[in-house]
Amino acid sequence: MTASQLPQGIFLTFEGIDGAGKSSHIERTAQAFRDSGRCVTLTREPGGTPLAEKLRALLLHDAMDPLTEALVAFAARRDHLVQVIEPALARGDVVISDRFTDATFAYQGAGRGFDWDKLCQLEQLVQAVPALEGLGAQHPEAAIRQPDLTIWFDLPAAVAAERLTTARVPDKFEAQPGAFFAAVAGGYARRAEAAPQRFARIDANTSREAVWQQVADVLQAKGWLQPGVLA
Ligand SMILES: Nc1ncnc2c1ncn2[C@@H]1O[C@H](COP(=O)(O)OP(=O)(O)O)[C@@H](O)[C@H]1O
Ligand SMILES: Cc1cn([C@H]2C[C@H](O)[C@@H](COP(=O)(O)OP(=O)(O)O)O2)c(=O)[nH]c1=O
């Protein structure tokens, strides 16, 4: 199959505070794309490559200042982009990542208070990829790799905290107080406001099936999936 015969790759990210419900729907989303005949690369951040997974362990468990956290997160992202995401998109895969750069803005920016403009500089540096070189002249936002769609599971921090009390042993971030997650949620809202064409907000404060129906409606509205595979 020549390059021109490959399907157009799709880059889809799931975002939201810990406990918002991302993991509960990401595999079902991947399977819906597989059932529609697409190859899927299902991945996560921080992580997705052996090196990025080592950096994940440091990020989730070692004490760091916000700049250090941001640099570790973006270092993991660069390896993830180069080793996994870009090759998968070039093959025409549907890449579904549990978290991406919006999480860095939400957690290190809004949650930890790190400078938003400096995060934008890191975003421009790390997400510049050969496939998009030269596109920035006409459309600056097209100059770097960004998700085609970000599904944002929006949930009040207090509800997320209730869901997590028995769910799992908390990592460094999950052990943060409620006010931290309220700030993180605000960070996601700020990113969504700045890029409304890229974000689809899901009201995650409802039943699993009602959340799934919202996800299915978004994917169907994009024309990426037909109703039959979303049952
Ligand atoms: N719609 C929902 N209503 C109630 N509990 C939920 C819902 N969705 C997920 N959960 C539960 O909340 C916890 C966190 O869900 P998870 O999908 O792991 O969230 P995330 O991946 O965003 O951290 C899990 O125990 C999960 O079973
Ligand atoms: C991608 C990313 C994640 N994080 C945080 C958010 C989460 O608390 C944590 C990743 O954990 P999470 O995605 O919730 O995985 P799990 O379901 O295994 O807990 O890392 C950042 O602080 N910055 C980032 O750039």
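Everything numeric in this text was worked out from a predicted model, so none of it was measured. First listed ligand is number 1; within each ligand, the first listed atom is number 1.
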**Report entry** Residues Lys22 and Glu45 bridged, charged N to O under 4.0 Å
**Finding:** no
**Report entry** Option nearest atom 3 (N) of ligand 1 (shortest heavy-atom distance, choices Arg163, His25, Glu15)
**Finding:** Arg163
Report task. State the atoms of ligand 2, each with its element, that fall below the 4.0 Å cut-off from a heavy-atom position in Arg77. Result -> 1 (C), 25 (O)
Query - Winner among Arg99, Lys22, Arg56 once heavy atoms are compared against atom 15 (O) of ligand 2 - result: Arg56
Requested in this report: Report the part of Asp18 (side chain from C-beta onward, or backbone N, CA, C, O) that has a heavy atom under 4.0 Å from ligand 2; answer both or neither where that applies.
Outcome: side chain
Query - From Gly16, Ala160, Ala20, Ser24 - option closest to atom 16 (P) of ligand 1 by heavy atom - result: Ser24
Requested in this report: Would you check whether Leu60 reaches within less than 4.0 Å of ligand 2, judged by its heavy atoms?
Outcome: yes
**Report entry** Region of Thr101 engaging ligand 2 - heavy atom pairs below 4.0 Å
**Finding:** neither
Query - Arg191 with Glu123: basic N within carboxylate O range, under 4.0 Å - result: yes
Query raised in the report: N/O to N/O below 3.5 Å, does that happen between Gly19 and ligand 1?
Result: yes
Report task. First locate atom CG of Asp62, then atom OG1 of Thr68, and finally report the distance between them rounded to the nearest 0.5 Å. Result -> 11.0 Å
Query raised in the report: Does Gln214 use its side chain to pair, donor to acceptor, with the backbone of Asp203 at less than 3.5 Å?
Result: yes
Query raised in the report: At what distance, to the nearest 0.5 angstrom, does CG of Leu132 lie from CD of Gln127?
Result: 10.5 Å
Query raised in the report: Does an N or O from Asp98, backbone or side chain, lie closer than 3.5 Å to an N or O of ligand 1?
Result: no
Report task. Using a strict 4.0 Å cut-off to heavy atoms of Ala73, name the atoms of ligand 2 that fall inside it. Result -> 25 (O)
Report summary line: atom 3 (C) of ligand 2: of Gly111, Pro46, Pro66, the nearest heavy atom sits on Pro46
Query raised in the report: Is Ser207 near ligand 1, meaning one of its heavy atoms is under 4.0 Å from it?
Result: yes
Report task. Would you tell me which option among Glu45, Gln108, Gln176 has the nearest heavy-atom contact to atom 23 (N) of ligand 2? Result -> Gln108
**Report entry** His25 versus Val211, closest heavy-atom pair with distance
**Finding:** NE2-CG1, 3.3 Å
Query - Residue Asp18 vicinity, atoms of ligand 1 by number, heavy atom under 4.0 Å - result: 23 (O)
Query raised in the report: Partners of Glu193 by salt bridge (Lys or Arg N to Asp or Glu O under 4.0 Å), sequence neighbours excluded?
Result: none
Requested in this report: Calculate, to the nearest 0.5 Å, the distance between atoms CD and CG belonging to Glu15 and Asp98 respectively.
Outcome: 8.0 Å
Query raised in the report: Short N/O distance, under 3.5 Å, between Val211 and ligand 1?
Result: no
Query raised in the report: What do you reckon, does Thr206 put a non-hydrogen atom under 4.0 Å from ligand 1?
Result: yes
Query raised in the report: Going by the angle between their ring planes, with limits at 30° and 60°, are Phe33 and Trp224 parallel, tilted or perpendicular?
Result: tilted
Report task. Determine yes or no for a side-chain-to-main-chain donor-acceptor pair under 3.5 angstrom, with Arg201 supplying the side chain and Ile151 the backbone. Result -> no
